[in-house]
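Accompanying notes for the structure given below.
Keep in mind that the numbers below use all heavy atoms, side chains included, and drop hydrogens, waters and symmetry copies.
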Amino acid sequence: MAVPAVSCTGVEKGIENGEAESRIEGWGQPLISVACMRDEPRHGSELVSQCLLGVPVAVMGRDGEWLDVMTPEGYRGWVNMSSIVEKSDREMAEWRSSERYVVDSPTEIRVYADNSLAADGGIVTDLVDGCIVEGGMTGTPRVLSVTLPDGRSGYADACRFIEIGEWSNQSHNVEKIISRAESLAGVPYLWGGLSTKSMDCSGLVKLCYWANGIVVLRDASQQAQCGEPVDRDGIERGDLLFFGNAETGRVTHVGIYEGDSMYVHSSGRVRLNSLDHESPDYMEKHYLSSRRLRDAAGTEGVTMVRDHPWFF
């Protein structure tokens with residue numbers, strides 16, 4: 001098997017690039033909008049993350065009905081086989097050269113069985129921001145023909161998608177990242193969540209960068225090692241703010257700086273809070289550090305999708 005390189009390692013799992021590559025058994029793609037990744041191969045195990053429909057994962061092993069998968073940034077977890085369709089090298093090569101579209105919408109959309117996009121004609125699946133489908137424009141205005149990883153097909157509102165080349169060739173856009181975060185205000189917090197249905201603090205950061213065509217590391221403690229450090233007095237819009245234990249320096253939370261001491265983050269729900277102790281929007285979290293990911297593409301933990309070999 002010719003194995004494409006992993007963009008960055010799964011820090012908390014302690015897997016080096018070379019070791020990860022040698023252990024890859026095959027490939028897969030989630031066939032539902034949001035597939036849950038567990039710490040152990042059982043439904044009652046802790047939710048560690050999620051992966052989105054159509055986004056490639058490497059299959060590292062299996063245990064009964066569970067697959068040990070690795071995401072494009074190198075994160076590991078167990079996904080039930082009912083949520084994943086396994087793919088061969090040839091199938092993945094064909095996918096990488098196919099016409100593809102990425103959901104570009106902070107709210108869920110539907111794929112319909114009928115090109116009238118009417119619910120009474122049948123619904124094939126839901127999709128969330130960042131899902132990737134094969135497809136093409138139809139003769140009907142604003143209607144996209146969609147093919148899912150497991151071969152199911154249907155139709156969706158073309159206005160809610162962006163062509164994968166256009167999506168992956170975006171430049172770093174601080175305003176888009178902040179705008180996407182703000183558009184998710186009120187969405188509930190979920191430990192391990194990584195979709196616009198619900199997400200944790202680092203999941204919000206990852207989703208907003210993904211909307212900009214950028215792959216970043218999964219956890220707040222990992223994100224705190226990316227990009228360049230910024231003094232608190234010098235933080236700018238789009239910088240990442242890290243919070244945690246004042247005594248140990250352990251990072252436990254992350255937000256995106258909006259300006260004027262305000263930041264957007266997921267804590268209970270996606271919300272705006274202030275760094276200013278005198279503000280009514282202040283939240284009692286100990287600030288630790290800031291990082292700037294602008295111009296960090298190509299450094300450890302920050303990869304443009306266009307440069308990631310799993311996608312092209």
Side-chain angles (χ1 to χ4, degrees), residues 30 32-36 47 49-55 71-73 100-112 117 119 123-133 135 142-144 146 148 154-164 166-216 218 220 223 237-241 254-259 262-273 293 304-305:
I32 56 175
S33 60
V34 185
C36 293
L47 179 70
S49 191
Q50 295 174 319
C51 43
L52 304 179
L53 181 144
V55 177
T71 60
E73 73 277 10
R100 290 163 292 164
Y101 291 81
V102 183
V103 177
D104 186 25
S105 170
T107 56
E108 293 178 45
I109 66 173
R110 297 288 185 269
V111 175
Y112 299 94
L117 307 187
I123 296 175
V124 179
T125 189
D126 71 319
L127 295 175
V128 296
D129 197 38
C131 290
I132 303 175
V133 299
R142 295 183 55 183
V143 176
L144 183 74
V146 167
L148 305 178
Y155 303 90
D157 182 356
C159 297
R160 309 289 286 277
F161 292 82
I162 182 172
E163 192 273 327
I164 196 167
E166 181 181 354
W167 170 69
S168 63
N169 281 293
Q170 298 176 81
S171 58
H172 188 113
N173 187 335
V174 167
E175 297 309 316
K176 178 167 185 175
I177 291 167
I178 293 175
S179 175
R180 183 52 50 91
E182 292 174 339
S183 73
L184 296 170
V187 172
Y189 177 94
L190 174 66
W191 177 275
L194 187 58
S195 84
T196 51
K197 294 174 184 281
S198 54
M199 76 286 290
D200 57 23
C201 63
S202 58
L204 174 66
V205 170
K206 186 165 175 58
L207 285 171
C208 293
Y209 274 82
W210 182 252
N212 194 202
I214 303 171
V215 180
V216 298
R218 175 62 181 93
Q223 294 167 358
R237 279 173 63 83
D239 289 346
L240 301 185
L241 309 181
V254 61
I256 304 172
Y257 189 60
E258 190 188 59
M262 301 296 290
Y263 61 98
V264 59
H265 63 137
S266 180
S267 179
R269 64 184 186 276
V270 177
R271 61 200 298 167
L272 282 169
N273 282 107
L293 270 58
M304 302 302 295
V305 173

Atom OH in Y101, atom CD1 in I162: separation rounded to 0.5 Å? 11.0 Å
Kindly write out the residues that satisfy side-chain contact (heavy atoms from CB on, under 4.5 Å) with S168, not counting sequence neighbours, or none if the list is empty. V305, R306, F312
Determine the minimum heavy-atom distance between V270 and A181, stating which atoms define it. CG1-O, 3.7 Å
Looking at residues at least two apart in the chain, or sitting in another chain, which of them share a salt bridge (Lys or Arg N to Asp or Glu O under 4.0 Å) with R269? none
OG-CD1 distance between S171 and I214, expressed to the nearest 0.5 angstrom: 8.5 Å
Between the side chain of K206 and the main-chain N/O of V216, is any donor-acceptor distance below 3.5 Å? yes
Between L148 and V133, does the side-chain contact (heavy atoms from CB on, under 4.5 Å) criterion hold? Intermediate values first, please. CA-CA 6 Å; L148 305 178; V133 299; 4.0 Å; yes
Nearest heavy-atom neighbours spanning Q223 and V254: OE1-CG1, 3.7 Å
Test of understanding: with side-chain contact (heavy atoms from CB on, under 4.5 Å), list the residues that count as partners of T196, not counting sequence neighbours. V128, D129, L184
S198 meets the side-chain contact (heavy atoms from CB on, under 4.5 Å) criterion, sequence neighbours left out, with P188, L190
Interatomic distance, E175 atom CD to R180 atom CZ [nearest 0.5 angstrom]: 13.5 Å
Atom pair OH/CG of Y257 and L241 - distance to nearest 0.5 Å: 8.0 Å
For the atom pair CE (M199) and CH2 (W191), what is the distance rounded to the nearest 0.5 Å? 15.5 Å
For E163, the salt bridge (Lys or Arg N to Asp or Glu O under 4.0 Å) test, sequence neighbours excluded, returns none
Taking the side chain as every heavy atom from C-beta outward, state whether N273 and Y263 have any atom pair closer than 4.5 Å. yes
Sequence neighbours excluded, which residues qualify as side chain to side chain donor-acceptor pair (under 3.5 Å) partners of R160? S105, T107
For L127 and S33, work out which heavy atoms get closest and say how close. CA-CB, 4.0 Å
Shortest non-hydrogen separation from H265 to S267 and the atoms involved: CE1-CB, 3.6 Å
Could you tell me the separation between the CZ atom of R110 and the OG1 atom of T125, rounded to the nearest 0.5 Å? 8.5 Å
What residues, two or more places apart in sequence or in another chain, satisfy side chain to side chain donor-acceptor pair (under 3.5 Å) together with Y209? none
Taking the side chain as everything from C-beta on, heavy atoms only, tell me whether C131 gets closer than 4.5 Å to V102. no
Run the side-chain contact (heavy atoms from CB on, under 4.5 Å) test against I32 and tell me which residues pass, sequence neighbours left out. A35, S83
Starting from the C-alpha separation in whole Å, work towards a yes-or-no answer on side-chain contact (heavy atoms from CB on, under 4.5 Å) for I109 and D126. CA-CA 6 Å; I109 66 173; D126 71 319; over 6 Å; no
Results of side chain to side chain donor-acceptor pair (under 3.5 Å) for S266 - residues two or more places apart only: none
Considering non-hydrogen atoms only, spot the tightest contact between L47 and C36 and give its length. CD1-CB, 3.6 Å
Check against side-chain contact (heavy atoms from CB on, under 4.5 Å), I132 and L52: CA-CA 8 Å; I132 303 175; L52 304 179; over 6 Å; no
State whether a side-chain donor-acceptor pair under 3.5 Å links R218 with S202. yes
Nearest heavy atoms of K197 and V34, plus distance in Å: CE-CG2, 3.8 Å
Partners meeting ring pair (Phe, Tyr, Trp, His ring centres under 6.0 Å) with F161 (sequence neighbours left out): none
Run the side chain to side chain donor-acceptor pair (under 3.5 Å) test against Q170 and tell me which residues pass, sequence neighbours left out. K176, N212
With sequence neighbours left out, what residues match W167 under ring pair (Phe, Tyr, Trp, His ring centres under 6.0 Å)? W210
Audit row: V174, I178, side-chain contact (heavy atoms from CB on, under 4.5 Å) steps and yes/no: CA-CA 6 Å; V174 167; I178 293 175; 3.7 Å; yes
Evaluate the side-chain proximity of D157 to L144: yes if any heavy-atom separation is below 4.5 Å, no if none is. no
